[in-house]
Amino acid sequence: MQQPFDMSGAPAGCPAHGNVPLYGSDFGSDPENTYAQLRTLGPSAPVDIAPDVEVELVTSYDASLYILQNPTLFVRDSRRWNDLNAGKVPADSAALPMMGYRPNALFSDGAAHARLRQAVTDSLATVDQGRIVRLTQQSADYLISQFSSEALGQAELMSAYAQPLPLLVFGELFGCPPELGDRVIAGITGIFQGTPGADETLGGALTELIALKRRQPGEDLTTQLMVHSSRLTDEEVLHQLVTLLSGGTAPLTASIGTSAALYLSDDWPSGLPIEDAVVKTLWNYAPIANYAAHYPTRDVELGDRTLHTGDPVLISFAAANTDPKLTAHREQLSSKAHLAFGAGPHACPAKDPAFMIAATAVESLLNRLPDVEMRVPFKELSWVPAPWSRQLVTVPIRYTPRAVPSAARARPARPAAGQLAPSPAAMPQTAMGGRPSHAAPRPKGGMFSRFRAWVNGE
């Protein structure tokens, strides 16, 4: 097969003591070293993505782009997975929730994929960008109000801000009423935390949401999916919602956390806009690190290795973006030439809204807490030891405690790209400490119910 890129001179074979594991503390503490080791084996190499689960990992930018843009030779339907069909994948493997087949656009090909994806992209296109910015600012204000008035003036940004913010935004975009929004958040959070029954919680909540929108359509993404000309069944709508939720939550959490940490780091050049921190995150710390399993429809020669029909081939977006062959002339490329959002027919359909949410979230943090700083140098932060995403474990911050106004009050306008956040003296000053003793009790319910009550000034 004639290759569209140079793969000559790469040594063949596997590491001397078996496949390199893409999980555990050794990988999590220094994934770049792992990728460098794998690159010595050629454009791809066999790795264990989970215990007893072998996949071929593509680390070359050019090879990754070739596979992503060749949907005839490399398909996404994981029902072709040889080892899974042969019963060789452990039933409790951490790889199954990530790689197992689901009837959604992510695991579909050809006409079936085109139909489902069109419904998703057309529905996303109905969401006004200004509304996304407002929802993100509103969610940011609420979350900051929950931790910023603490007298200690310290917080952990991942759990208090980066993780819940996308869920609040999605709850509004999908048109969730408060109680259903609470259950959606509990379900999707539980899935990422491995909570038993989380799948059932999320599925039940989304089923009720779809039934509600059948009775009471609204101007939300759920309704748009349901009324699309593709005529999705309720089951298909449910699976697209699950994909949008799970596929959007973890990457956005990682993007927000890493971008904020980069911007607040001592090494960040003064005066560069927040958007540059998000771009650097997408290039150097790809939120979806290793994913997008493809299955060759026939044996394919890639360098000195053979990619066998039906064996999973994963794309290392993290390694591809930092490919030394690419970085030598990366400054000449478009800032959007990274593969953090994928490429080809399965590229992320929400890349523009995702970028906007991440940049607005970091911007809102700086506007509301203008003297915020990290308590730990960026280089000393730890990463989650998992193969799928590149996410910081914690981002400890400190700031001057201040209360954030309720959503019913006016808030500052969004500054232009590169505009500095206002100084502390320019911000409205409020008393330190928690809620005043005469304040109404906090509303009951989960996070989304409390958020909605806060927005309504209750």
Side-chain angles (χ1 to χ4, degrees), residues 18-25 27-28 31 44-58 67 74-109 112-113 116 184 186-207 235-236 238-251 253-254 287-296 307-318 342 346 348 384-391:
N19 293 346
V20 173
L22 242 65
Y23 56 89
S25 57
F27 170 74
S44 71
V47 301
D48 286 344
I49 199 74
D52 300 318
V53 181
E54 179 180 302
V55 303
E56 191 78 11
L57 188 73
V58 181
I67 291 170
F74 297 94
V75 298
R76 299 295 297 272
D77 190 337
S78 58
R79 289 174 294 186
R80 294 171 175 261
W81 187 358
N82 290 333
D83 282 357
L84 182 62
N85 293 333
K88 296 180 180 179
V89 178
D92 61 349
S93 173
L96 280 177
M98 302 299 294
M99 295 174 59
Y101 175 78
R102 299 175 188 269
N104 58 34
L106 194 62
F107 293 94
S108 301
D109 301 289
H113 168 257
L116 294 173
V184 167
I188 197 66
T189 302
I191 286 175
F192 285 108
Q193 294 177 347
T195 305
D199 273 327
E200 290 77 8
T201 298
L202 179 61
L206 292 178
T207 297
E235 181 182 15
E236 289 174 326
L238 186 147
H239 284 291
Q240 308 323 304
L241 290 176
V242 170
T243 302
L244 289 168
L245 279 166
S246 59
T249 302
T253 291
I288 300 177
N290 305 286
Y291 196 51
H294 291 72
Y295 301 85
L307 310 182
H308 294 287
T309 306
D311 284 348
V313 179
L314 266 64
I315 305 297
S316 179
F317 300 105
H346 283 273
C348 175
V384 174
W388 316 106
S389 65
R390 185 79 154 117
Q391 180 174 313

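Treat the numbers as computed from the prediction; the structure is a model and nothing was measured.
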Please step through side chain to side chain contact (heavy atoms under 4.5 Å, CB included) for the pair Tyr101 and Asp77, ending with a clear verdict.
CA-CA 7 Å; Tyr101 175 78; Asp77 190 337; 3.5 Å; yes

Before you tell me yes or no, could you show the steps for Leu307 and Phe74 under side chain to side chain contact (heavy atoms under 4.5 Å, CB included), namely the whole-Å CA-CA distance, both residues' side-chain angles and the distance that decides it to 0.1 Å?
CA-CA 10 Å; Leu307 310 182; Phe74 297 94; 4.0 Å; yes

Check for a donor-acceptor pair, side chain of Asp48 on one end and backbone N or O of Asn19 on the other, with a separation under 3.5 Å.
no

With heavy-atom distances below 4.5 Å as the criterion, would you say the side chains of Leu96 and Val53 are in contact?
no

Would you call Leu116 and Gln240 a side-chain contact if the rule is heavy atoms closer than 4.5 Å?
yes

Around Asp52, counting heavy atoms of other residues, nucleotides and ligands shown, do more than 12 lie under 6.0 Å from its CG?
no

Checking Val242 against Asn104 for the side chain to side chain contact (heavy atoms under 4.5 Å, CB included) test, could you report, in this order, the C-alpha distance in whole Å, the side-chain angles of both residues, the deciding distance, and whether it holds?
CA-CA 9 Å; Val242 170; Asn104 58 34; over 6 Å; no

d(Ile49 CD1, Leu314 CG) to nearest 0.5 Å is 5.0 Å

From the options Ile67, Val313, Val58, select the one residue that forms a side-chain contact (heavy atoms from CB on, under 4.5 Å) with Ser44.
Val58

Would you find a donor on one side and an acceptor on the other, under 3.5 Å apart, between the side chain of Arg390 and the backbone of Ile288?
no

Mark yes or no for whether Ser78, through its side chain, and Met99, through its backbone, hold a donor-acceptor pair below 3.5 Å.
yes

What class does the angle between the rings of Tyr291 and Trp388 fall in, given that below 30° is parallel, 30 to 60° is tilted and above 60° is perpendicular?
perpendicular

CE-OG distance between Met98 and Ser246, expressed to the nearest 0.5 angstrom:
8.0 Å

Can you find a pair of side-chain heavy atoms, one from Glu56 and one from His308, that are under 4.5 Å apart?
no

How many angstroms lie between atom CG of Leu238 and atom CG of Leu202, to the nearest 0.5 angstrom?
7.5 Å

Asn85 side-chain N/O to Arg79 backbone N/O, donor-acceptor pair under 3.5 Å:
yes

Is any side-chain heavy atom of His346 less than 4.5 Å from a side-chain heavy atom of Asp109?
yes

